[in-house]
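What follows is a short report on a single structure.
These numbers come from a predicted model, not from an experiment.
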Amino acid sequence: MPKIAAGAASTWHINLRASVAAASDEEGWAHLAEVGSLMRKNQPDFDSRNWGYAKLSDLVREIGLFAVSPNPPGGLRVKNGLK
């Protein structure tokens with residue numbers, strides 16, 4: 001996987017964090033599917049495949065900015081900051 005340069009990634013990092021915050025529940029967790037929808041709405045040119053990751057979940061896990069947890073009904077949930 002390619003390394004993500006801080007300067008190149010700063011815009012989408014900000015948008016990704018904002019999307020997680022916007023989709024978060026009262027405990028700070030957001031469904032990753034909803035975060036992906038917000039990202040496509042707010043930054044239509046964002047695509048995790050441009051950074052070498054087939055899925056947004058792979059990218060979110062790799063960059064290490066979010067806590068990631070299985071969502072009980074299915075899918076994943078994310079939270080700003082690490083565990």
Say you draw a straight line from [atom1] of [X] to [atom2] of [Y]; how long is it, rounded to the nearest 0.5 Å?
X	Y	atom1	atom2	value
Leu38	Ser19	CG	OG	5.0 Å
Ser57	Glu62	OG	CD	12.0 Å
Asp58	Tyr53	CG	OH	8.5 Å
Thr11	His13	OG1	NE2	10.0 Å
Ser69	Leu32	OG	CG	11.5 Å
Met39	Asp45	CE	CG	9.0 Å

If we only count heavy atoms from C-beta on, is the [X] to [Y] side-chain gap below 4.5 Å?
X	Y	result
Leu16	Ile63	yes
Val35	Val78	yes
Lys79	Val68	no

(message) Restricting to side-chain contact (heavy atoms from CB on, under 4.5 Å), what partner residues turn up for Asp25, sequence neighbours left out?
(response)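 Once residues adjacent in sequence are excluded, the partners of Asp25 under the side-chain contact (heavy atoms from CB on, under 4.5 Å) criterion are Glu27, Trp29.
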Going by side-chain contact (heavy atoms from CB on, under 4.5 Å), name the residues that satisfy it together with Glu26, two or more places apart in sequence or in a different chain.
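Applying side-chain contact (heavy atoms from CB on, under 4.5 Å) to Glu26 gives none.
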Exercise for the section: Check Arg77 against Asn71 and note the closest heavy-atom contact, atom names and distance. Expected result: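 The pair with the smallest heavy-atom distance is CD-OD1, 3.9 Å.
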query: Which heavy-atom pair separates Leu76 from Pro70 by the least distance, and what is that distance?
result: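 Heavy atoms of Leu76 and Pro70 come nearest at CD2-CA, 3.9 Å.
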query = Does the cation-pi check pass for Arg17 over Phe66, that is, NZ or CZ under 6.0 Å from the six-membered ring centre and within 45° of its axis?
reply = yes
For Asp47, the salt bridge (charged side-chain N to carboxylate O under 4.0 Å, His left out) test, sequence neighbours excluded, returns Arg49
